[in-house]
Amino acid sequence: MSKNIHSSPFDEGTLTKLKIFEKYLTEWLPVFLAPRKVRWKKVGIYDFFAGPGVDVEKNHGSPIIILETIKNAVYNGVSAMDCIIDKNLQVQIYLNEYNTEKFFQLEKNISPYKKELDYISIKVDNRDFQSALEIQWNNICDNDAANLLFLDQNGIK
């Protein structure tokens, strides 16, 4: 059984890893949301081991980092949401958490974002990794989609 990293504050290593992920995502997004010429009409971000979205001190985990980054991003004076709307992009965020308790916490923690980011498809799932990957495989392999897969498993099964 793996340690539940969400039942205590994230340690320094986890916080560093999440900061690196946030910086990467911040640089990755404008390549697909803000170019003059749109090459990919679909943009997908997949987090297959999402957790509840926060730790006990409400430090943001990867799902909230993804949503906050999109919500707050501005490229050349234009918000990411305006880029999505103006370019008619289809943005899908897929968050999967296998643990049922964490899954319900995740749904609760991202609920406000579903209202704020209403031009984005936010799907939350409760599956084992293999099933989740199989279900999303066609979306991931779509030639008209730019995708970021975040595979950060906690513990080994």
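What you see below is based on every heavy atom in this structure, not just the backbone, and it leaves out hydrogens, waters and symmetry mates.
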Just wondering, do [Y] and [X] contact through their side chains at under 4.5 Å, heavy atoms?
X	Y	value
Leu133	Ile140	yes
Arg127	Tyr98	no
Leu18	Ile65	yes

Which atom pairs, donor and acceptor, lie under 3.5 Å between side-chain atoms of residues 84-95 and protein residues at least two apart or in another chain?
from: Lys87; atom 1: NZ; to: Pro35; atom 2: O; distance (Å): 3.4
from: Gln92; atom 1: NE2; to: Gln136; atom 2: OE1; distance (Å): 3.2
from: Tyr94; atom 1: OH; to: Asp125; atom 2: OD2; distance (Å): 2.8

Would the Phe49 and Phe129 ring centres measure less than 6.0 Å apart?
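Here the rings of Phe129 and Phe49 have centres that are less than 6.0 Å from each other.
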With sequence neighbours left out, which residue pairs that include part of residues 35-44 fulfil the side-chain hydrogen bond (donor to acceptor under 3.5 Å, both in side chains) condition?
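Passing the test, one end in residues 35-44: Lys42-Asp142.
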Just to verify, what does [X] make a side chain to side chain donor-acceptor pair (under 3.5 Å) with, not counting sequence neighbours?
X	value
Glu27	none
Asn147	none
Thr69	none
Glu68	Asn72, Tyr113

On the 0 to 90° scale, with breaks at 30° and 60°, tag the Tyr46-Phe48 ring pair as parallel, tilted or perpendicular.
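Parallel.
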As an exercise, state the distance from [atom1] of [X] to [atom2] of [Y], rounded to the nearest 0.5 Å.
X	Y	atom1	atom2	result
Leu151	Asp47	CG	CG	8.5 Å
Ile70	Ser79	CD1	OG	11.5 Å
Asn126	Leu106	CG	CG	10.0 Å

I'd like to check the side-chain contact (heavy atoms from CB on, under 4.5 Å) partners of [X]; sequence neighbours left out, ordered by chain and number.
X	answer
Glu12	Thr16
Val74	none
Lys19	Glu22, Lys23
Pro30	Ala34, Tyr75

Between Asn59 (side chain) and Asp55 (backbone), is there a donor-acceptor pair under 3.5 Å?
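Side chain of Asn59 to backbone of Asp55, a donor-acceptor pair under 3.5 Å: no, none is there.
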By salt bridge (charged side-chain N to carboxylate O under 4.0 Å, His left out), which residues pair with Glu101, not counting sequence neighbours?
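Per chain and number, Glu101 pairs via salt bridge (charged side-chain N to carboxylate O under 4.0 Å, His left out) with no residue.
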Holding to salt bridge (charged side-chain N to carboxylate O under 4.0 Å, His left out), I want the full list of residues that pass it with Asp82, two or more places apart in sequence or in another chain.
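Counting only residues at least two positions away or on another chain, Asp82 forms no salt bridge (charged side-chain N to carboxylate O under 4.0 Å, His left out).
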Tell me whether Val78 shares a hydrophobic cluster with Leu25, the cluster being built from Ile, Leu, Val, Met, Phe, Trp, Tyr side chains joined at under 4.5 Å.
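No, no single cluster joins them.
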Atom CG of Asp144: over 12 foreign heavy atoms under 6.0 Å
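Counting neighbours around CG of Asp144, more than 12 heavy atoms of other residues, nucleotides or ligands fall under 6.0 Å, so yes.
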Surrounding CG of Asn138 (heavy atoms of other residues, nucleotides or ligands, distance under 6.0 Å), is the total greater than 12?
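It does not: Asn138 CG has 12 such atoms or fewer within range.
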Of the non-hydrogen atoms in Ser62 and Phe150, which two are nearest, and what is the gap between them?
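Reported closest heavy-atom pair: CB-CE2, 3.4 Å.
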Have a look at Lys114 and tell me which of Ile122, Leu67, Ile120 forms a side chain to side chain contact (heavy atoms under 4.5 Å, CB included) with it.
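Checked Ile122, Leu67, Ile120 against Lys114; only one passes side chain to side chain contact (heavy atoms under 4.5 Å, CB included): Ile122.
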